[in-house]
Amino acid sequence: MANDGEFNAGTGRDGEEEEKNVAAWLLGIKTLQLQPYHLPPLGPQDVKVRIKALGICGSDVHHFKTMRCANFIVKKPMVIGHECAGFIEEIGSEVKSLQVGDRVALEPGISCGRCILCKNGSYNLCPEMKFFGSPPTNGSLAHKVVHPANLCFKLPDNVSLEEGAMCEPLSVGVHACRRANVGPETNILIMGSGPIGLVTLLAARAFGAPRIVIADVDVQRLSIAKNLGADETIQVSTDIKDVGAEVIKIQNAMGSGIDVSFDCVGFDKTMSTALNATRSGGKVCLIGLAKSEMTISLIPAAAREVDVIGIFRYRNTWPLCLDFLKTGKINVKPLITHRFGFSQKEVEDAFETSAQGGSAIKVMFNL
């Protein structure tokens, strides 16, 4: 099965492929090491991709800092990373849609294709999902990976490899907008202006949302959101006692009813703010999963028929993301704030930069 490669400690001669292919292995808390990565055999419907651009995701940082993200726990050495794009180096015997040399963006999750969720189209919820860099599945911060051809999407000529890698985080925003039926009459509140909040802002605008308000504790992040097209930005506190007053500020900033709120953080306070700020009959989408448990009051929102919608990754989003990038409806380039190469020191520095937050939005590797 694609991306079920093996860890090879040391630099001994363990076969030709190990010498050619190196990956960033997560060995322990804040311990990453470049080591050989032995790839699985190329199946008839697989392709071998030389990775050229890879972005660091918040989940990668959680794994790096704590060896876990929510209920996904790293129990053995694992190749990290999943937001990626590269060149096709080799194709399986049955692959007709791609050729050697094609530039592609990779959708990182391999579903089983057999369960009722997969058959009904909700393959992102497949219980047997094998997802790059989500334990125990190896990721894609490597020179080369093997992946199913149907999860590799050819890049338009005017879309760069870095933009191709950005299709992964952008897909989260696109999927959320689809789930919430965002359109030209949907006024949007976004809680959190980190990377996912910002791609949700870009996606909502591309879906036609006429007015978008974004809230965060960080003035610097709010400034970035404003530059990316937010109509209003609201600085909020971390104190849950401030929810009532902040809801009024947010509603005044919107100037009309908030139809859909996206919580891109996932704290008690952000979800409480979203539930209270959203108009009766509106929707709240929970995208951020900062906590595995929340304690919030649902009854007032339920009494106003505010729908709560769960968001988990994405499904069938890459073609639309690539079209948004090709046509210029979405520009993800301003989100890429830091770039690193692929040496031991640069890998360590890149993850430390991303973990510190601050001015770092999307940290990108150029391999």
Side-chain angles (χ1 to χ4, degrees), residues 1-5 40 43-47 57 59 62-63 68-75 78 82-84 92 94-98 104-140 145-153 167-183 196 199-200 203 207 260 262-264 266 271 283-294 298 302 305-323:
M1 171 62 73
N3 71 21
D4 279 352
Q45 296 179 0
D46 293 334
V47 293
C57 173
S59 63
H62 278 294
H63 288 134
R68 68 180 297 158
C69 184
N71 295 323
F72 297 94
I73 302 169
V74 182
K75 297 179 179 179
M78 179 186 79
H82 61 271
E83 303 178 0
C84 58
E94 297 177 9
V95 175
K96 307 298 182 187
S97 58
L98 296 168
V104 292
L106 284 67
E107 181 174 349
I110 305 172
S111 60
C112 76
R114 301 180 301 274
C115 70
I116 190 67
L117 289 164
C118 285
K119 287 181 178 180
N120 286 342
S122 298
Y123 67 85
N124 56 312
L125 305 178
C126 174
E128 296 182 34
M129 177 69 78
K130 294 185 177 182
F131 192 92
F132 273 154
S134 183
T137 306
N138 284 322
S140 54
V145 298
V146 169
H147 206 50
N150 68 333
L151 295 173
C152 297
F153 298 85
C167 282
E168 199 280 340
L170 180 58
S171 285
V172 176
V174 166
H175 180 56
C177 287
R178 280 178 171 169
R179 289 267 289 151
N181 292 318
V182 172
I196 294 301
V199 293
T200 302
F207 273 74
V260 173
F262 294 106
D263 182 357
C264 298
M271 194 61 177
K283 301 170 186 172
V284 174
C285 290
L286 178 57
I287 302 176
L289 303 175
K291 295 176 68 177
S292 57
E293 291 185 1
M294 278 187 184
L298 282 174
E305 293 193 353
V306 175
D307 293 341
V308 177
I309 298 172
I311 302 295
F312 187 67
R313 294 175 181 155
Y314 35 69
R315 54 180 175 262
N316 301 312
T317 50
W318 259 252
L320 182 56
C321 288
L322 289 171
D323 186 66

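Quick note: numbers below take in every heavy atom, side chains included, and nothing from hydrogens, waters or symmetry partners.
- Residues forming a side chain to side chain contact (heavy atoms under 4.5 Å, CB included) with Ala180 (at least two apart in sequence, or on another chain): Val182, Val260, Phe262, Cys285.
- Counting heavy atoms from C-beta outward, Asn316 and Tyr123 have side chains that approach closer than 4.5 Å.
- Here the side chains of Val95 and Val47 are in contact, with some heavy-atom distance below 4.5 Å.
- Side-chain contact between Leu151 and Leu106 is absent, with no heavy atoms from C-beta onward closer than 4.5 Å.
- With contacts defined as side-chain heavy-atom distances shorter than 4.5 Å, the pair Arg313/His175 does not qualify.
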| task | Given side-chain contact (heavy atoms from CB on, under 4.5 Å), test Arg114 with Glu128 step by step and report yes or no. | result | CA-CA 10 Å; Arg114 301 180 301 274; Glu128 296 182 34; 3.3 Å; yes

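- Of all the heavy atoms in Glu83 and Cys57, the pair that sits closest is OE2-CB, 3.1 Å.
- Closest approach of Ser140 and Cys84 over heavy atoms only: OG-SG, 3.3 Å.
- Checked by atom type and distance alone, the side chain of Asn124 pairs as donor or acceptor with a backbone atom of Phe312 at under 3.5 Å.
- At a cut-off of 3.5 Å, with distance as the only test, no side-chain donor of Glu107 or Tyr314 sits close to an acceptor on the other residue.
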| query | Step by step, would you call Phe207 with Val174 a side-chain contact (heavy atoms from CB on, under 4.5 Å)? | reply | CA-CA 8 Å; Phe207 273 74; Val174 166; 4.1 Å; yes

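- The backbone N or O of Gly133 lies less than 3.5 Å from no partner atom in the side chain of Thr137, so there is not a single donor-acceptor pair.
- Remark: Ser134 OG to Met129 CE distance equals 10.0 Å, nearest 0.5 Å.
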| task | Assess whether side-chain contact (heavy atoms from CB on, under 4.5 Å) is satisfied between Ile311 and Arg179, documenting all intermediate values. | result | CA-CA 8 Å; Ile311 302 295; Arg179 289 267 289 151; 3.7 Å; yes

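- Using the six-membered ring where Trp is involved, Phe153 and Trp318 have ring planes that are parallel, under 30° apart on the 30 and 60° scheme.
- Looking at every heavy atom in both residues, Leu117 comes nearest to Pro127 through CD1-CD, 4.2 Å.
- Heavy atoms of other residues, nucleotides or ligands lying less than 6.0 angstrom from CD of Glu305 number 12 at most.
- With contacts defined as side-chain heavy-atom distances shorter than 4.5 Å, the pair Asp46/His147 does not qualify.
- Counting heavy atoms from C-beta outward, Pro136 and Lys75 have side chains that stay 4.5 Å or more apart.
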| said: I'd like to know whether Arg315 forms a side-chain contact (heavy atoms from CB on, under 4.5 Å) with Ser171, so could you lay out the CA-CA distance, the side-chain angles of the two residues, the decisive distance to 0.1 Å, and finally the verdict. | reply: CA-CA 8 Å; Arg315 54 180 175 262; Ser171 285; over 6 Å; no

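- Side-chain contact between Ile287 and Thr200 is present, with at least one heavy-atom pair separated by less than 4.5 Å.
- A 4.5 Å side-chain heavy-atom check between Leu322 and Cys167 finds at least one atom pair inside the cut-off.
- Note: His62 and Phe72 fail the aromatic proximity criterion, with ring centroids not under 6.0 Å apart.
- At distances below 3.5 Å, not a single donor-acceptor pair connects side-chain atoms of Asp323 with backbone N or O atoms of Leu320.
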